[in-house]
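For ligands, and for the atoms within them, numbers begin at 1 and follow the listed sequence.
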Amino acid sequence: MEAGGVGVGLALQTRAAGFGTGRRRGGLQSPIGSLRVAEPAGAAVAVRARGSKPVAPLRAKKSSGGHENLHNSVDEALLLKRKSEEVLFYLNGRCIYLVGMMGSGKSTVGKIMSEVLGYSFFDSDKLVEQAVGMPSVAQIFKVHSEAFFRDNESSVLRDLSSMRRLVVATGGGAVIRPVNWKYMKKGLSVWLDVPLDALARRIAKVGTASRPLLDQPSGDPYTMAFSKLSMLAEQRGDAYANADVRVSLEEIASKQGHDDVSKLTPTDIAIESLHKIESFVIEHAADNVVGDSQSESQVRRIQTL
Ligand SMILES: Nc1ncnc2c1ncn2[C@@H]1O[C@H](COP(=O)(O)OP(=O)(O)O)[C@@H](O)[C@H]1O
Ligand SMILES: O=C(O)C1=C[C@@H](OP(=O)(O)O)[C@@H](O)[C@H](O)C1
Ligand SMILES: [Mg+2]
């Protein structure tokens with residue numbers, strides 16, 4: 001347990017239960033209480049677990065007509081599927097951790113990646129809520145404190161770090177504790193790097209009620225979100241850059257000829273993430289042989305930053 005943590009108590013029956021290795025219909029039963037995890041979709045991107053929320057729909061790049069949109073969506077789905085098959089080979093069961101600022105799309109993109117890879121999906125915020133027995137992160141901050149939330153977040157990440165074949169959407173602040181990197185370095189970490197103005201637009205659209213660090217009683221939602229996010233980004237400095245892979249939405253947009261990252265779909269971002277993961281794993285293939293000692297040396301490097 002982390003110092004001051006309450007002990008999340010995720011039952012680590014993973015290996016004994018064969019968790020994360022089988023493909024049962026109707027979704028895998030998580031070892032964590034009654035949490036249902038997304039069913040691996042295998043061939044179809046649009047397929048989703050029973051009872052789960054749909055992932056963001058596949059949208060066409062440049063909408064010009066019904067048939068073209070459909071073709072673009074199919075192309076995107078096929079590209080995503082093909083890329084995921086290639087990446088699976090190299091991943092060899094390693095987990096993927098998505099990091100990034102609030103609103104960067106970790107939960108949205110993470111679900112798509114997990115479905116197409118046939119991995120299970122976990123959102124660390126949801127696991128903390130479940131462990132603490134409260135319905136929202138906002139309430140945990142209010143009734144307890146941010147420190148209490150952070151202790152539980154670390155406990156959740158520690159427990160997940162012994163599992164395989166997971167995509168984990170972390171909370172935006174998980175990167176600030178070096179110990180969390182020790183856990184995340186057991187798998188591959190992906191930083192979704194999204195410009196602050198795009199983050200603020202997304203947050204202003206959905207509201208700040210679920211994100212206590214951005215919640216403001218008054219003021220223009222976009223301006224307030226932008227100013228808070230800028231402050232947090234400054235405080236967090238280079239913490240996100242510890243990730244193995246950086247997925248820059250500005251770079252994807254520029255490659256696709258868009259002048260604005262808001263044109264990028266979650267699927268575009270999932271495809272680019274898989275592409276970057278593949279390049280990283282191929283480039284570090286020799287390191288993987290050393291496995292844990294490699295992770296430890298990376299963590300030591302982070303701790304000395
Ligand atoms: N590529 C995207 N384009 C537009 N909106 C997006 C995109 N990705 C995510 N969103 C929206 O932004 C909001 C934040 O996304 P979410 O996945 O919850 O981010 P995070 O988990 O990083 O905080 C959600 O309302 C989501 O629907
Ligand atoms: O950046 C942060 O410190 C936080 C991000 C949130 O998760 P998302 O990044 O999924 O919004 C959640 O963990 C909490 O509100 C704190
Ligand atoms: Mg999230």
> Tell me whether K205 reaches ligand 1 (any heavy atom closer than 4.0 angstrom to a ligand atom).
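K205 does not count as a contact of ligand 1 under the 4.0 Å cut-off.
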
> Verify, without hydrogens or angle tests, whether R246 (side chain) and A241 (backbone) share a donor-acceptor contact under 3.5 angstrom.
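Answer holds: no.
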
> With a cut-off of 2.8 Å, does any N, O or S atom of S107 fall short of it relative to the Mg ion (ligand 3)?
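Checking the Mg ion (ligand 3) against S107, an N, O or S atom does fall under 2.8 Å.
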
> Is the backbone of G172 close enough, under 3.5 Å, to the side chain of R236 for a donor and an acceptor to pair up by distance?
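Flag set: sc R236 to bb G172 pair under 3.5 Å.
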
> Say whether, by atom type as modelled, one donor and one acceptor occur between the side chain of N180 and the main chain of V175 under 3.5 angstrom.
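No: the side chain of N180 does not pair with the backbone of V175.
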
> Quick check on contacts: which atoms of ligand 2 are under 4.0 angstrom from a heavy atom of L213?
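Checking each atom against L213, I get 2 (C), 3 (O).
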
> Give me the nearest non-hydrogen protein atom to atom 11 (O) of ligand 2 as residue plus atom name, then the distance to 0.1 Å.
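Of the protein heavy atoms, R211 NE, 2.7 Å lies nearest.
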
> Which of the atoms of ligand 2 are close to G171, meaning less than 4.0 Å from one of its heavy atoms?
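Heavy-atom distances to G171 below 4.0 Å select 7 (O), 9 (O), 13 (O).
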
> Could you walk me through whether S154 and D151 pass side chain to side chain donor-acceptor pair (under 3.5 Å), step by step?
CA-CA 5 Å; S154 292; D151 288 339; 5.8 Å; no

> Going by heavy-atom distance to atom 7 (C) of ligand 1, choose the closest among M102, K263, R211, R202.
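The nearest heavy atom belongs to R202.
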
> Could you tell me which atoms of ligand 1, counted from 1 in the order shown, lie closer than 4.0 angstrom to a heavy atom of L264?
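Selected atoms, number and element: 1 (N), 2 (C), 3 (N).
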
> Check each heavy atom of R236 against ligand 2 and say whether those closer than 4.0 Å belong to the side chain, the backbone, both or neither.
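Answer for R236: side chain.
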
> So which heavy atom in the protein is nearest atom 14 (C) of ligand 2, and how far is it from that ligand atom?
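Answer, as residue, atom name and distance: V137 CG1, 3.7 Å.
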
> Any atom of ligand 1 sitting under 4.0 Å from a heavy atom of G100?
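It does not, in that no heavy atom of G100 comes within the 4.0 Å cut-off of ligand 1.
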
> For T108, counting its heavy atoms only, list the atoms of ligand 1 lying under 4.0 Å from any of them.
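Once the distances to T108 are compared, the set is 9 (C), 15 (O), 16 (P), 17 (O), 26 (C).
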
> Identify the closest protein heavy atom to atom 7 (O) of ligand 2: which residue and atom is it, and at what distance?
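Answer for atom 7 (O) of ligand 2: D125 OD2, 2.8 Å.
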
> Which protein heavy atom lies closest to atom 15 (O) of ligand 2, and at what distance to 0.1 Å?
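The protein heavy atom lying closest is P212 CD, 3.5 Å.
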
> Please work out whether any backbone atom (N, CA, C, O) or any side-chain heavy atom from C-beta onward of L232 is under 4.0 Å from ligand 2, and answer side chain, backbone, both or neither.
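Neither part.
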
> Report, as yes or no, whether the 6.0 Å neighbourhood of atom CG on D238 holds more than 12 heavy atoms from other residues, nucleotides or ligands.
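Counting neighbours around CG of D238, 12 or fewer heavy atoms of other residues, nucleotides or ligands fall under 6.0 Å, so no.
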
> Should you measure from each heavy atom of I269, which atoms of ligand 1 turn up under 4.0 Å away?
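Those qualifying, in numeric order: 1 (N).
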
> Could you check whether any heavy atom of R150 sits closer than 4.0 Å to an atom of ligand 2, since that is the contact criterion I want to use?
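Right, R150 reaches ligand 2.
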
> Between the side chain of E146 and the main-chain N/O of F141, is any donor-acceptor distance below 3.5 Å?
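Not at all, since once roles are kept as given, no pair shorter than 3.5 Å links the two residues.
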
> Considering only heavy atoms, does K106 approach ligand 1 within less than 4.0 Å through its side chain, its backbone, both, or neither?
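For K106, backbone and side-chain atoms both sit under 4.0 Å from ligand 1.
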
> Does A169 come within less than 4.0 angstrom of ligand 1, counting non-hydrogen atoms of the residue?
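Contact check A169 vs ligand 1: negative.
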
> Which residue and non-hydrogen atom of the protein lie closest to atom 9 (O) of ligand 2, and at what distance in Å?
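Checked against all protein heavy atoms, atom 9 (O) of ligand 2 sits closest to K106 NZ, 2.7 Å.
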
> Near F149, which atoms of ligand 2 are under 4.0 Å from a heavy atom of that residue?
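With F149 as reference, the close atoms of ligand 2 come out as 13 (O).
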
> Under a 3.5 Å distance rule, please check whether S279 uses its side chain to pair with a backbone N or O of H275 as donor and acceptor.
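Checked: pair present.
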
> Against heavy atoms of M101, which atoms of ligand 1 measure under 4.0 Å?
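With M101 as reference, the close atoms of ligand 1 come out as 22 (O).
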
> Indicate yes or no: does an N/O atom of T265 lie under 3.5 Å from an N/O atom of ligand 1?
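Such a contact does not occur with ligand 1.
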
> For ligand 1, which atoms have a heavy atom of V206 less than 4.0 angstrom away?
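It comes down to these atoms of ligand 1: 25 (O).
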
> If we count only N and O atoms by modelled type, under 3.5 Å, do the side chains of N152 and S155 hold a donor and an acceptor together?
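No.
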
